[in-house]
Amino acid sequence: MKRNEDPKLWVTILKLVVGAVVLIGGVGLALWYVDQVQGPPQIAKPVSNWGIAGDSPLRR
């Protein structure tokens, strides 16, 4: 009797699922790491003497 050399369907599906989990997990881990390294975004406070509010001809 000749042995079947093709891999079983469930083995192929298992490999695909494991590969997808590793890929998605790796991207998620990389994004989390970048977020931890950079920290929260720094928001600049608005400057009150900038633009037309500071250059108004009516205040002269």
Side-chain angles (χ1 to χ4, degrees):
M1 185 179 264
K2 185 177 178 184
R3 185 174 176 189
N4 188 2
E5 296 296 326
D6 293 335
K8 294 187 165 83
L9 181 63
W10 67 271
V11 174
T12 304
I13 292 173
L14 182 64
K15 287 180 183 179
L16 288 172
V17 168
V18 169
V21 167
V22 168
L23 186 65
I24 293 169
V27 170
L29 183 65
L31 290 173
W32 174 82
Y33 178 74
V34 168
D35 182 47
Q36 295 299 316
V37 169
Q38 288 183 351
Q42 301 294 328
I43 300 173
K45 295 180 180 177
V47 179
S48 62
N49 61 357
W50 180 85
I52 194 169
D55 296 337
S56 175
L58 299 177
R59 292 189 181 182
R60 291 186 185 182

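- Note on Leu23 and Leu14: separate hydrophobic clusters, where clusters join Ile, Leu, Val, Met, Phe, Trp and Tyr whose side-chain heavy atoms are under 4.5 Å apart, directly or indirectly.
- When Val11, Val18, Ile13 are each tested for a side chain to side chain contact (heavy atoms under 4.5 Å, CB included) with Lys15, only one passes: Val11.
- Using a 4.5 Å cut-off between side-chain heavy atoms of Ile, Leu, Val, Met, Phe, Trp and Tyr, with links allowed through other members, Trp32 and Val37 fall into the same hydrophobic cluster.
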